[in-house]
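Written out below as structure tokens is the structure these notes cover.
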Amino acid sequence: MTQLHKQIIILVACFALLLWLSQKISLPFNTERTERVPFNKLVELIEEEKIKTIELRGDNTLFAGLTDGSNIESRAIGNDSIITTLKNYDVPVEIIKQIAIDVKRENGFISFIAILIPTLFPILLIVGFFYLLYKQAQGFSSKTFSFGQSAGKQVNYEGTEGRSGAVKTKFKDVAGVKEAKEELMEVIDFLKNPKKFTDLGARIPRGVLLIGPPGCGKTLLAKAVAGEADVPFFHISGSEFMELFVGVGASRVRGLFQKAKRNAPCIIFIDELDSIGRKRGAGFGGAHDERDQTLNQILVEMDGFDTDTNVIVMAATNRPDVLDSALLRPGRFDRRITIDLPDIASREEMLKVHAKGKPLTDSVNLRRVAERTPGFSGADLAYLMNEAAILTARNNKTQITMEELLPSIEKVMLGPERRSRVITDQEKKITAFHEAGHAIVAHTLPEADPVHKVSVIARGQAGGYTLKIPEKDRYLHTRAEFMADLSVSMGGLAAEKIKFNEMTTGASGDLRYATQLARKLVTRYGMSDKIGPVSFELEDTNGFSQFPWEELKSVYSDTTLENIDTEVRRFLEEAYNNARKIIELHLEKLELVAEKLLEQETIEKEEFDELMQTA
Ligand code: ADP
Ligand code: ZN
């Protein structure tokens, strides 16, 4: 809209300028700076030889220049030429010959325009306005239309001409995800050698849905499939459609598929499929209409593939549960590949991939880095390696050592340190005791993850932090571990209460985390004795489980929901009391750790363990 506003302003300015110009040009006619005389007076002056020049201008004005340099104006009379008229007045021919007589008809035209423009101005303005609107509308549709022809921003298209080296990403650039790679080998095989499959009457996979958390390499994997099969790769993101006007998304999809078919064999990759592929009719309003139309178009295009069309649609999502079930029907995204967060071996592999081109010292042990990074995605690990390289450069070193790698882990986990945040001494003291509380509970409970670092330096959202890292990847968690985790979360709050007999807002993050965890224990893992081994998760039509509190209300009785609520509370209270008890038992350690924190702001694992032993 701002674009339109700008154009209107320019238009108005242009007209204003024209108007002003026309007034300037017609100045001699309109203003009376020159004296106006009757024609016979002019004839008199001519006879006295006082006139040097005469200009006949439009609307029959005679503009005469006198010998003394002044000007006068008069009107020509009759239809004869000026010379004939003067002759008729008996002016001697010799005198007439001395006068430079000029005819300036074009001035007449300008003056005509000058009269016309002010009259036409409003009309022109209106016409111009509508023209702009029309242009604007055309601009939109032509943009949409051109999508089919040109790659544009929306499609990140790698290599039409010259198949070789089109997409550079290969499977070797994707670490881990072994199962996914195996599944995708078939797709590559098909793209390379479709005849092998069609001769056997095999139905070709159309759509492959990659499911997994953000940053776990879905895009990378899709690209690598294109790279391995040596085919073009068309990339489009679902969220881009949400900015568009109704109808544009659908035609964009049409354009994309047309282009893909022309370039077959190839891969279309739709990122963030869930932002277009949500269950249809879920709401009202433009955005939903647009989404529905875009989604329908995708379905139409996928159904419209001939059996021998060599186009494979890959899509990525981390919310398969919200997808419209039509998308998952046979012939559409019927292959689903789940990609999980990497395990320790995969993490080490990923670190190696991203260490390429970065000089490491021999003492660097990537296994140790992998050990300390459970829960990291591929993207996190890439970020980690990059951070380490930057830190190395900042330290004026030429090779990356563990000294850069380990702090980079924390940076990725917690965000950059915010040393500049100004806190009062009292705030710092409260933070120190809060973090000491977490650390002591974590240290005391054998089921809790060991403390790696305690700090009162603000980081990301947190005022301070206690870094706990599990000793190894775990896929099963026991009830005791969960209880320990809950107690550790409550440790900060408990310490504040014990030391200052006061609670602060600093614990809100801990409480949020603990409450969510407790809710899972009760409703998902069946770990509540009172409620028993029941899962309250509901399964949707796609077979994905989800947890809609709204729907729960319609399925379960009020008593059941009340019981859940009570149990969640009981878990939290138990954890809080547990934390209090532990801290009260170790009050002198709490003081010790908090004092050390106030003194040096951070305590590393070794130092912390030592402190806990001495006290
Ligand atoms: P997603 O599409 O799942 O959100 P991406 O494929 O965009 O994730 O991954 C983002 C980045 O993370 C990649 O560019 C790559 O640098 C890194 N990465 C993710 N997974 C892997 C992996 N398996 N191997 C190597 N690098 C990876
Ligand atoms: Zn806390």
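What you are looking at is a predicted structure, and each value in this text was computed from that prediction instead of being measured. Just so you know, ligand 1 is whichever comes first in the structure, and atom 1 is the first atom listed for that ligand. Just so it is clear, the values below take in all heavy atoms, side chains as well, and ignore hydrogens, waters and symmetry mates.
At least one N or O atom of G217 sits closer than 3.5 Å to an N or O atom of ligand 1. Any N or O atom pair closer than 3.5 Å counts here, and L220 shares at least one such pair with ligand 1. Considering backbone and side-chain atoms together, A379 places an N or O closer than 3.5 Å to an N or O of ligand 1.
A heavy-atom separation below 4.0 Å is not found between G212 and ligand 1. Ligand 1 has C216 within reach: a non-hydrogen atom of the residue lies less than 4.0 Å from it. Under a 4.0 angstrom heavy-atom cut-off, G215 registers as being in contact with ligand 1.
Shortest distance from the Zn ion (ligand 2) to H438 is reached at NE2 (N/O/S atoms only).
Among residue pairs with one or both ends in residues 489-514, those qualifying as salt bridge (Lys or Arg N to Asp or Glu O under 4.0 Å) are K499-E591; sequence neighbours excluded.
Counting heavy atoms under 4.0 Å from ligand 1, residue D173 touches it through the backbone alone. By the criterion of a heavy-atom distance under 4.0 Å, neither the backbone nor the side chain of E349 is placed next to ligand 1. Residue contacts with ligand 1, taken as heavy atom pairs separated by less than 4.0 Å, involve K218 via backbone and side-chain atoms alike. In A175, the parts holding a heavy atom less than 4.0 Å from any atom of ligand 1 are both the side chain and the backbone.
Each of the following atoms of ligand 1 lies closer than 4.0 Å to a heavy atom of A382: 16 (O). Set against the non-hydrogen atoms of V174, the atoms of ligand 1 under 4.0 Å away are 23 (N), 24 (N). For ligand 1 and P214, the ligand atoms under 4.0 Å from any heavy atom of the residue are 4 (O). Every atom of ligand 1 with a heavy atom of M350 under 4.0 Å away is listed here by number and element: 22 (C), 23 (N), 24 (N).
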Which donor-acceptor pairs under 3.5 Å do the side chains of residues 174-184 make with protein atoms, sequence neighbours left out?
unit_1: K181; atom_1: NZ; unit_2: F171; atom_2: O; d: 3.3
unit_1: K181; atom_1: NZ; unit_2: V174; atom_2: O; d: 2.6

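Classification of E404 and K397 as a salt-bridged pair holds, one side-chain N sitting under 4.0 Å from a carboxylate O. A salt bridge links K352 with E348; the closest basic N to acidic carboxylate O contact falls under 4.0 Å. Ionic pairing of E228 and K170 is not present here: no N-O contact between side-chain nitrogen and carboxylate oxygen is shorter than 4.0 angstrom. Between R570 and E567, at least one side-chain nitrogen of the basic residue sits less than 4.0 Å from a carboxylate oxygen of the acidic one, meeting the salt-bridge criterion.
T219 OG1, 2.5 Å is the protein heavy atom nearest to atom 2 (O) of ligand 1. Looking from atom 26 (N) of ligand 1 to the surrounding protein, the closest heavy atom is H354 NE2, 2.8 Å. Closest protein heavy atom to atom 18 (N) of ligand 1: G378 C, 3.6 Å.
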*Stepwise side chain to side chain contact (heavy atoms under 4.5 Å, CB included) test for N395 and T392*: CA-CA 5 Å; N395 291 350; T392 310; 5.8 Å; no

*Give the C-alpha distance, both sets of side-chain angles, the deciding distance and a yes or no for side-chain hydrogen bond (donor to acceptor under 3.5 Å, both in side chains) between D271 and S237.*
CA-CA 4 Å; D271 205 356; S237 177; 4.9 Å; no

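Taking CG of L323 as the reference point, atom CZ of R336 lies at 9.0 Å (rounded to 0.5 Å).
Between Y525 and F482, the distance separating the two ring centers is shorter than 6.0 angstrom. Ring-centre distance between F234 and F269: not below the 6.0 Å cut-off.
Under the 3.5 Å distance criterion, the side-chain polar atoms of D189 are left unmatched by any main-chain donor or acceptor of E186.
Counting backbone and side-chain atoms alike, D510 contributes an N/O/S atom closer than 2.8 Å to the Zn ion (ligand 2).
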